[in-house]
Every structure is written in C-alpha cells, then in structure tokens.
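A note on names: the letters A, B, ... follow the listed sequences, proteins ahead of strands, and every chain is numbered from 1.
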Amino acid sequence: MAITRDEVANLARLARMALSGDELDHLAPQLDVILGSVARVAEVAAADIPPTSHAVPLTNVFRSDLIRPCLSQADALAGAPATEDGRFRVPRILDPED
Amino acid sequence: MTVLADLPTYDEALAVYEPVIGLETHVELGTESKMFCGCPTAFGAEPNTQVCPVCLGLPGALPVVNEAAIRYTVMIGLALNCTIVPWSRFARKNYFYPDMPKDFQISQYDEPLCVNGWLDVDVDGQTHRVGITRVHMEEDTGKSLHVGGSTGRIQGATHSLVDYNRAGIPLVEIVTEPDVRSPEVARAYVEELRELCRALGISDVRMEQGSLRCDANVSLRRRPATPDGPENPFGTRTETKNLNSLRSVERAVRYEISRQASRLSAGERIVQETRHFDEGAGVTSAGRSKEEATDYRYFPEPDLAPVALSREFVEAVRATLPESPAQRRTRLTGDYGYTLTDIANLRGAGVLDLVEQTVTAGATPEAARKWWLNELARRASDAEIPPSQLAVTPADVARVATLIAAGELTDALARKVIDGVLAGEGGPDAVIEARGLKVVSDTGALDAAADAAIAGAPAIAEKVRGGKVAAVGPLVGAVMKAMKGQADAGAVRALLLEKLGVS
Ligand SMILES: [Zn+2]
C-alpha cells in the first residue's frame with residue numbers, strides 16, 4: 001500500500017512541519033520505501049500471532065497512590081523560553097482572523 | 001441569518017422535533033497523587049508548584065499508572081452497571097496545544113476500561129434509563145490564562161500563561177448513548193452521576209472548581225409523521241463544551257434545541273461543530289470557524305503496559321462498593337417514610353447524612369428531618385458554614401428530639417438547648433441543667449399560675465366560660481410568662497379550659 005504525496009503533506013501539517021514542495025517530492029517516496037520494508041515484517045507473522053504494541057510481555061504495572069516531592073516553581077520554569085507570574089508564557093494560540 | 005421573529009418557541013420546537021442528547025462527563029478523581037506521577041492533586045496551590053519531569057513532559061521521564069485511579073475507575077464502571085474489560089490499553093492522543101506540555105495526552109481510545117452500562121434517572125416520578133457507552137481514563141490538562149483580549153477569552157489574546165498543576169490529574173470520561181430526550185433528563189443525569197461519584201467517595205465532584213464538567217451533544221430529528229410511525233434518522237449534532245453547573249447543562253441544551261429548530265424550520269442546515277455556552281447571555285456560540293476534522297493519530301501508549309485486571313481484582317472492588325444513591329432512596333422511602341422530594345430537599349440542604357446519623361442515634365425520622373431541615377440548616381446558613389460543621393452532633397439532636405417526645409422539652413425550650421450546645425456550653429443535658437430549661441411538670445406551680453391568670457383577667461375568663469374558646473390565648477400567654485416559658489403550651493391551654501369548664 002503506497003503512501004501518497006498528499007498523505008505525507010497532511011502528516012507534515014499535523015506534525016507542524018513546514019515542508020516545501022521540493023522536500024515533499026524528496027521525502028514522500030523515501031517514506032513509501034520505509035513503509036514497504038516494514039510491511040514485509042507482517043508477511044512473516046502467521047495468523048496465530050497477535051499484533052503487539054509493547055516489546056515486553058508485562059501487564060498491570062502500577063504504583064501506589066503516594067505523593068512524591070515536586071520540582072520548585074523556579075526549577076519547573078527554568079527551561080521555559082518565557083515566563084510570567086509563575087507560569088509558562090506561550091505565544092497567542094488563535095490567529096487574529098480565527 | 002434567521003431573524004428573531006422566526007424563532008419558534010421551545011414548545012413549538014418540541015412539537016415538531018425530537019431532541020437527541022448524549023452526554024460526556026469528565027470527573028476528576030480524588031486520588032492523593034496524579035495519574036502517572038507522584039505530584040499532589042490539591043486544588044489552589046501556587047502555579048507550577050505541583051509539577052515534576054513526568055507531568056511536564058521533560059525528556060526521559062516515564063509515567064507509571066496510579067493503582068488508586070484504576071480502582072476508582074472500576075468502582076465507577078461497576079456502579080454504572082458496566083462490564084470491566086479483561087484487556088485495556090492507554091493511547092496517545094496527539095495534538096498541539098499548550099495545555100499539554102508533551103504535545104499529546106495519555107487517554108484511552110478503542111480499548112476503554114469499562115463498557116456497556118446504564119444509569120437510571122428519575123424526573124417527576126418517571127424513570128429514564130440512560131445507556132453508558134464507555135468509561136475511560138485519561139489525564140487532565142493544564143490551565144491556560146489568556147492575556148490581552150477581553151475578559152480572558154482566547155479570541156483576541158496576545159499571549160497565554162500556562163499552569164501545569166492540573167496537568168496529569170486523573171480523569172475519567174463517562175460517555176452516554178444518545179438516549180436522553182430532554183434538557184431536564186440531561187440535568188438529572190448529571191446530578192445523579194454526581195451523587196453517585198460522591199457516594200463512591202472517588203471525587204469531590206465540585207462543578208464550580210471543574211472537578212466535574214460536562215459536554216452535551218445535541219441534535220434534532222423530526223418526530224414520526226404518525227404517532228406509531230417509524231423514527232427518523234438522527235440529525236447533525238453539535239457539541240457544547242465544558243458546562244460547569246447543573247443549571248448550565250439544562251439551559252445550554254434547551255438553547256441548542258431552540259436554535260437548531262429555528263435553523264431547520266428556516267430550511268438551513270446544522271453545522272457539526274463545537275460550541276461554547278455563555279452563562280451570562282444564556283446562549284451558545286460556535287467555536288473556531290476554521291476548525292478542521294481533528295486527526296489525533298491515536299496509537300497505543302508505548303510507555304505504559306496494558307491493563308489486564310483479573311476477575312479477583314474486579315470482584316474485590318465490587319465488594320467495597322457502598323450503597324448507591326438509588327438504593328439509598330429506596331431504603332429511605334421505605335424505612336423512613338420519606339418522599340423523594342423530602343430526600344431531594346435534605347440532600348440539597350446538605351443534611352442527609354446528618355439526618356441518618358440522628359435517626360441511628362435514636363430520633364424518629366420525622367423529628368430528625370424537621371430539626372435538620374428547618375432549624376439547623378438555617379443556623380448553618382446564618383453562620384455561613386456547612387451543616388456538618390455546626391457544633392451540634394447528630395447524637396445531641398437525637399437527645400433533644402427524645403426529650404421533646406417525652407414531653408420534657410417544648411419546641412421553644414429545645415431551641416434554647418440547641419442555642420446552648422452551639423454556644424459551646426456542653427451537650428443537651430448539661431445545657432438543660434445549667435440553664436434550668438426543663439418543662440415544669442410540677443402541677444402545683446402550674447395550677448397556681450393558671451389560677452392567677454384567670455383572676456387577673458376576669459373579662460377574658462368570662463368570655464371563655466361563655467364558649468369563646470379561642471379567647472383563651474392571652475391567658476395561656478400569661479401562664480407561659482409566669483412559668484418563664486418552661487411549660488408546655490398545649491398542656492397549659494388544656495388546664496385553663498378545664499378550670500373554666502369548657503374542656
Ligand atoms: Zn508530576
């Protein structure tokens with residue numbers, strides 16, 4: 001099943017990646033080859049092998065409901081590009097025309 | 001645009017169209033720590049002081065599921081008559097919005113923990129069964145303040161400020177079937193769900209603080225052409241988000257019904273969209289106009305192992321389920337003789353638990369109901385505290401009620417006893433002793449006071465003797481005054497009438 005250039009363009013948009021037309025021309029066929037290679041793995045799997053999402057066969061890995069120390073506000077904000085009033089300051093979310 | 005004059009009234013809309021309503025309710029679980037990390041969940045802390053690498057989505061941090069959140073979700077599922085599935089996974093919901101620092105929210109997608117349940121809702125004596133499609137777990141998002149626009153709205157804001165204290169608090173989302181057919185049932189469903197979660201003790205369900213919030217999906221379809229004709233297919237629905245009071249649920253749904261009916265009557269189409277309810281204006285408005293079909297690209301969360309609960313685990317949780325609000329109503333209407341309205345009033349006044357404890361402590365259900373609903377709820381409201389924080393215990397109230405029943409206190413004296421208890425003068429018996437509040441049953445003193453009253457008002461006495469029984473009031477008052485209120489007015493009246501020969 002081939003992935004189309006339009007599908008790659010849509011994925012790029014969903015992932016907030018600004019790809020130029022040239023980049024799409026270049027990357028879409030490459031992504032198609034990668035998907036084709038991965039799909040071959042599925043050919044090996046017999047009908048009795050269920051699809052798996054995790055590499056280790058674990059279930060029910062839980063922790064007790066106990067409070068642990070947090071970061072200080074200063075540490076929490078230390079990596080933020082901008083802060084204001086103890087909060088993370090982020091650019092406007094909606095464009096003015098929205 | 002539809003002009004206002006074309007708006008059908010709500011009743012006109014209902015005559016033509018049948019509303020189809022489904023509800024999605026988010027409940028913040030009352031765990032001590034967050035869903036996937038050990039940060040506390042307490043409301044109201046300084047911004048970004050209840051955060052850690054996991055809930056800030058810092059590189060390399062790994063989430064681990066809070067066992068209590070799983071248990072609470074199973075409790076909700078079982079209380080809603082759901083099947084608890086033997087295999088369930090978390091999923092990543094990918095989106096870019098600053099309220100989730102990871103750029104995805106851990107949620108559940110096609111493998112929710114609980115499925116196929118129901119909740120019965122009573123409205124005006126009729127029971128409506130609302131199907132529950134699913135109950136799933138997810139993490140709450142951070143809180144954004146929008147700056148620079150009008151009244152904190154996101155539209156027109158120059159920038160936003162984010163606090164991640166709420167990010168990662170465990171949430172359950174409870175999704176109904178499109179079974180609800182009226183705004184009243186929608187409201188009653190949310191109320192019943194709130195009472196259920198409260199009874200389970202899994203959330204403080206405070207809508208005003210956002211620990212329970214509701215999205216309402218509303219569509220209309222034409223009623224069948226004939227009463228027993230085939231039902232029409234569902235219409236296009238809108239989703240009104242984040243309704244944060246019971247009243248808003250009812251008002252927003254009602255508004256959407258009228259709005260959609262007016263559009264359909266004008267030959268227009270309903271646009272499938274997200275809408276917001278403006279509490280002040282009482283209207284809903286469309287969300288982002290350019291909103292595109294959302295593609296969250298869900299996939300199984302690789303950092304969390306699947307949840308495969310054993311039958312033993314589920315049955316152990318079932319064994320801990322407390323009485324449900326519905327079971328409690330059945331018990332209280334049966335054992336206590338209360339009406340559903342009585343129960344709703346007691347619940348509304350926040351005294352239902354106290355009333356039960358008072359009955360357990362020996363009062364009759366009727367006395368317990370009266371004292372808490374009338375006298376004590378009023379005093380709590382005067383003091384601006386919840387009734388449970390009054391300095392009078394259910395045992396105190398039961399004692400007072402018992403003394404009234406035994407004729408040792410009048411209602412007026414009992415109120416004075418309550419005054420004393422509330423003033424910290426000790427229990428009812430100590431207050432009675434210290435203030436000398438017992439009904440005087442010393443017949444000699446009563447006799448003397450009655451004789452004195454009759455002698456002091458011969459004209460009135462004569463009227464009563466002549467058959468005007470209603471005229472005895474001032475004499476009763478005089479005796480009560482002489483006895484400093486510590487006599488039973490009914491008994492005094494009977495005694496006076498007997499002495500005047502008209503009993
Ligand atoms: Zn954390």
Where on B:Lys143 is there a heavy atom nearer than 4.5 Å to chain A: the side chain, the backbone, both, or neither?
-> neither
May I ask you to test the A:Leu11-B:Arg297 pair for a side-chain heavy-atom distance under 4.5 Å?
-> yes
Heavy atoms only, distances under 4.5 angstrom: which of B:Pro40, B:Pro47, B:Ala68, B:Ser88 has the most pairs with chain A? Name it, please.
-> B:Pro47
Could you tell me which non-hydrogen atom of A:Arg63 sits nearest to which non-hydrogen atom of B:Met35, and how far apart they are?
-> NH1-O, 3.7 Å
With side chains defined as the heavy atoms from C-beta onward, is the minimum distance between A:Val90 and B:Val162 less than 4.5 Å?
-> yes
Mind checking the NZ-CD1 spacing from B:Lys34 to A:Ile67? Nearest 0.5 Å is all I need.
-> 11.0 Å
Distance in Å, A:Asp75 CG paired with B:Thr49 OG1, rounded so as to fall on 0.5 Å steps | 12.5 Å
Give a yes-or-no answer on whether the side chains of A:Arg87 and B:Ser144 include a donor-acceptor pair shorter than 3.5 Å.
-> no
Given a strict heavy-atom distance threshold of 4.5 Å, which part of B:Cys37 is in contact with chain A: side chain, backbone, both, or neither?
-> backbone
Side chain, backbone, both or neither: which part of B:Tyr97 has a heavy atom under 4.5 Å from chain A?
-> side chain
Contact origin within B:Tyr95 toward chain A - heavy atom pairs under 4.5 Å | neither
Would A:Asp65 and B:Thr31 count as a side-chain hydrogen bond (donor to acceptor under 3.5 Å, both in side chains) if you check the C-alpha gap in whole Å, the side-chain angles of each, and the deciding distance to 0.1 Å?
-> CA-CA 7 Å; A:Asp65 183 21; B:Thr31 52; 4.6 Å; no
Relative to chain A, which segment of B:Pro101 carries a heavy atom at a distance below 4.5 Å: side chain, backbone, both, or neither?
-> neither
Point-to-point distance, once rounded to the nearest 0.5 Å, from CZ of B:Arg89 to OG of A:Ser53 | 3.5 Å
Have A:Arg92 and B:Ser160 got a donor and an acceptor in their side chains that come within less than 3.5 Å?
-> no
For the residue pair A:Thr59 and B:Trp87, establish whether any side-chain heavy-atom pair is separated by less than 4.5 Å.
-> yes
Can you tell me how far the CZ atom of A:Arg89 sits from the OG1 atom of B:Thr158, to the nearest 0.5 Å?
-> 6.5 Å
The reported gap from CG in B:Asn94 to CG in A:Leu14 (rounded to nearest 0.5 angstrom) is 9.0 Å
Name the region of B:Arg71, side chain, backbone, both or neither, that has any atom closer than 4.5 Å to a heavy atom of chain A.
-> neither
Per-residue contact mode, B:Leu56 against chain A (heavy atom under 4.5 angstrom) = side chain
Can A:Arg68 and B:Ser33 be said to form a side-chain hydrogen bond (donor to acceptor under 3.5 Å, both in side chains), step by step?
-> CA-CA 8 Å; A:Arg68 310 235 317 168; B:Ser33 66; over 6 Å; no
Can A:Ile93 and B:His146 be said to form a side-chain contact (heavy atoms from CB on, under 4.5 Å), step by step?
-> CA-CA 9 Å; A:Ile93 294 166; B:His146 306 298; 3.8 Å; yes
Within 6.0 angstrom of B:Glu46 CD, more than 12 heavy atoms from elsewhere = no
Sort by residue number and list every member of residues 299-310 of chain B having a non-hydrogen atom under 4.5 Å from chain A.
-> B:Pro300, B:Glu301, B:Pro302, B:Leu304, B:Ala305, B:Pro306, B:Val307, B:Ala308, B:Leu309
If we only count heavy atoms from C-beta on, is the B:Leu161 to A:Phe88 side-chain gap below 4.5 Å?
-> no
Quick one: CG on A:Leu71 to CD on B:Gln50, what's the gap to the nearest 0.5 Å?
-> 12.0 Å
Which atom names give the shortest non-hydrogen contact between B:Val64 and A:Phe62, and what distance separates them?
-> CG1-C, 4.0 Å
Most contacts with chain A, counted as non-hydrogen pairs under 4.5 angstrom, among B:Cys52, B:Pro98, B:Cys39, B:Gly142 | B:Pro98
